[in-house]
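Counting starts at 1 for both ligands and their atoms, following the listed order. Since the model is a prediction, treat every value here as computed from it, not as a measurement.
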Amino acid sequence: MVSFDMKKERTLSILKPDAVRRSITGAINKKFEDAGLSVVAQKMVHISREQAERFYAVHRERPFFRELCDYISSGPVVVQVLEGENAVAKNRDAMGATDPQKAAEGTIRKEFGISISENTVHGSDAHDTAAAEIAFFFSGCEIY
Ligand code: CMP
């Protein structure tokens, strides 16, 4: 029998200002843990405007770039590294669609999202992006 080595993967997650402001970070972490993801690093930071522009540089040409950077730097956030099998995909499934109005029942954005801007959580969109986004916020010795 050929056995598959389901290697663990890591992804970067941000609990956005609307999540911290409403004290729902614990409820969101429970959803991640129920989905088979472990929190292996976590800290609260207040992202500066300049850091926001660098973090979201891929969206620089989008009409919502300014609003996005204003919002993510508007208050403290929780940045975290989630680990598990297929962590990128599992995290995206748990979050639901970017627009809370289009998110599936039971997802974090459906349950907690306010708008497409205040959509409660960010998660890396691919394995490569995850590595870059984790390195943006965490040094190796900060990850369990
Ligand atoms: P996030 O996963 O953090 O990645 C980029 C963010 O841009 C996304 O979540 C949304 O919050 C935001 N975004 C995407 N589309 C729009 C839009 N049309 N208007 C405002 N913000 C948007």
Query raised in the report: Parallel under 30°, tilted from 30 to 60°, perpendicular over 60°: which one fits the rings of Phe137 and Phe55?
Result: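 The arrangement is tilted - the two ring planes meet at 30° to 60°.
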Query raised in the report: Between the main-chain N or O of Thr120 and the side-chain N or O of Asp18, is there a donor-acceptor pair closer than 3.5 Å?
Result: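 Yes, Asp18 side chain to Thr120 backbone: donor-acceptor pair under 3.5 Å.
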Query raised in the report: Name the residues in contact with ligand 1, where contact means a heavy atom under 4.0 Å away: which are they?
Result: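 Heavy-atom contacts below 4.0 Å: Lys16, Tyr56, His59, Phe64, Glu67, Leu68, Thr98, Arg109, Ile116, Ser117, Asn119, His122.
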Query - Pairwise distance CD(Glu9) to CG(Asn91) - rounded to 0.5 angstrom - result: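 If we round to the nearest 0.5 Å, Glu9:CD and Asn91:CG are 10.0 Å apart.
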Query raised in the report: Does CZ belonging to Arg60 count more than 12 external heavy atoms closer than 6.0 Å?
Result: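 More than 12 heavy atoms, drawn from other residues, nucleotides or ligands, come within 6.0 Å of this atom.
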Query raised in the report: Just checking, Lys43 and Phe138: is the charged tip under 6.0 Å from the six-membered ring centre and within 45° of the axis?
Result: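 Verdict for Phe138: a cation-pi partner in Lys43.
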Query raised in the report: Can you tell me if Ser38 and Glu83 form a side-chain donor-acceptor pair at under 3.5 Å?
Result: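 Looking only at side-chain atoms, Glu83 and Ser38 do not form any donor-acceptor pair under 3.5 Å.
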